[in-house]
Amino acid sequence: MSLAERKRRLVSDELTESALQLLALKGFDAVTVDEIAAAAGVSKRTFFRYFASKEDVVVQFLADMGTGIRAELAARPAGEPPSVALRHAVWVPLGECADHGERALRVVRLILRTPALLARFLERQARWREDLARELAERLGADAGSDLYPGLAAGMALNAFDAVLHRWSADGSTETPADLTDRAFAVIAPALDAVAPEGTP
């Protein structure tokens, strides 16, 4: 990565961090682009060189989460059961949430409780499912276009991911993302591992 690329990434990360903190603390509608830019120490013009809107900051954050999930699945050992590989893959963003504690919890609640952001979250998840299905098909020597297994398995893993986020972010919840993820995958693991896709051992 060149020096210019590193600088661009640093500014983008700073804008994202500032935006998520402000949005989580004050609410989506209460925060202006001017406030985000000021918190990041840049001009409003600089903000718009990186993002088209407040919503796009969150969308990029979600896109990065999806990239992390697929990259982790691709890095898992080839002979690992699908339930184990997928559990590790979806744990990437959940683990980051756990590491950032209360701040991450506020961001998750913001996304799940703001209709516009929730709609974009669900839109992104549809793309994640396609990416995970393709990656899973490649791992198993299956055809993501004709075999039902990769898409269904990816969908189950992301449903588990969703269930963990909703339960963890619920008011009064004391459960940790790690415990919830273990419980969720204990439920779906038998189905993930019971049926091999066509053409695989």
Side-chain angles (χ1 to χ4, degrees), residues 1 5 8-9 12-13 15-17 19-20 23-24 28 48-76 78 80 82-100 104-105 107-169 177 180-181 184-185 187-189 191-192 197:
M1 188 180 291
E5 289 171 329
R8 181 174 177 80
R9 183 66 186 184
S12 177
D13 288 348
L15 280 167
T16 300
E17 180 73 13
L20 291 177
L23 293 170
F28 184 75
F48 284 118
R49 280 206 297 265
Y50 289 84
F51 301 104
S53 65
K54 295 183 296 180
E55 187 177 297
D56 277 357
V57 178
V58 181
V59 171
Q60 183 58 51
F61 172 71
L62 296 175
D64 291 344
M65 288 173 67
T67 300
I69 292 173
R70 180 171 186 174
E72 179 63 19
L73 181 59
R76 300 307 302 171
E80 201 168 52
S83 66
V84 177
L86 286 166
R87 186 209 175 283
H88 281 284
V90 302
W91 176 248
V92 169
L94 291 171
E96 291 175 358
C97 286
D99 290 343
H100 289 91
L105 182 59
V107 172
V108 169
R109 285 174 173 162
L110 171 77
I111 292 170
L112 296 182
R113 298 176 183 183
T114 306
L117 298 182
L118 178 58
R120 298 303 293 271
F121 183 43
L122 295 175
E123 177 187 297
R124 282 287 167 174
Q125 278 201 41
R127 297 185 193 180
W128 298 357
R129 176 177 170 168
E130 292 176 4
D131 289 343
L132 281 182
R134 283 194 293 269
E135 189 63 47
L136 193 58
E138 186 174 329
R139 287 172 57 85
L140 299 171
D143 184 343
S146 61
D147 196 318
L148 289 174
Y149 179 87
L152 287 172
M156 282 192 284
L158 290 176
N159 280 339
F161 171 80
D162 249 359
V164 169
L165 285 183
H166 279 85
R167 181 64 66 87
W168 178 55
S169 64
L180 289 166
T181 302
F185 273 83
V187 172
I188 65 174
L192 288 172

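It should be emphasised that the depicted structure is a prediction, and the values quoted were computed from it without experimental measurement.
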Notebook entry, point to check: Once you round to the nearest 0.5 Å, how far does CG of Asp131 lie from OG1 of Thr67?
Noted result: 7.5 Å
Margin query: Hydrogens and angles aside, do Asp13 and Thr16 bring a side-chain donor and acceptor to less than 3.5 Å of each other?
Written below: no
Notebook entry, point to check: So, Tyr149 side chain and Ala144 main chain: donor-acceptor pair closer than 3.5 Å or not?
Noted result: no
Next item on the list: Could you tell me whether a side-chain N or O of Arg129 sits under 3.5 Å from a main-chain N or O of Gly151, the two making a donor and an acceptor?
Entry: yes
Item checked: Donor-acceptor contact below 3.5 Å, side chain Arg139 vs main chain Arg76 -> yes
Checklist line | Separation between CZ of Arg8 and CZ of Arg49, rounded to the nearest 0.5 Å | finding: 8.5 Å
Note to self: Quick check with a 6.0 Å cut-off and a 45 degree axis cone: is Arg87 positioned over the face of Phe161's six-membered ring?
What the structure shows: no
Checklist line | Stepwise side-chain contact (heavy atoms from CB on, under 4.5 Å) test for Ile188 and Leu86 | finding: CA-CA 11 Å; Ile188 65 174; Leu86 286 166; over 6 Å; no
Checklist line | Heavy-atom side-chain proximity of Asp143 to Ser146 below 4.5 angstrom | finding: yes
Next item on the list: Just do the salt bridge (Lys or Arg N to Asp or Glu O under 4.0 Å) check on Glu123 and Arg120 with the steps written out, would you?
Entry: CA-CA 5 Å; Glu123 177 187 297; Arg120 298 303 293 271; 3.6 Å; yes
Check: Counting only N and O atoms by type, is there a donor-acceptor contact under 3.5 Å from the side chain of Ser53 to the main-chain atoms of Asp56?
Finding: yes
Note to self: Is it the case that atom CZ in Arg134 sees more than 12 heavy atoms from other parts of the structure closer than 6.0 Å?
What the structure shows: yes
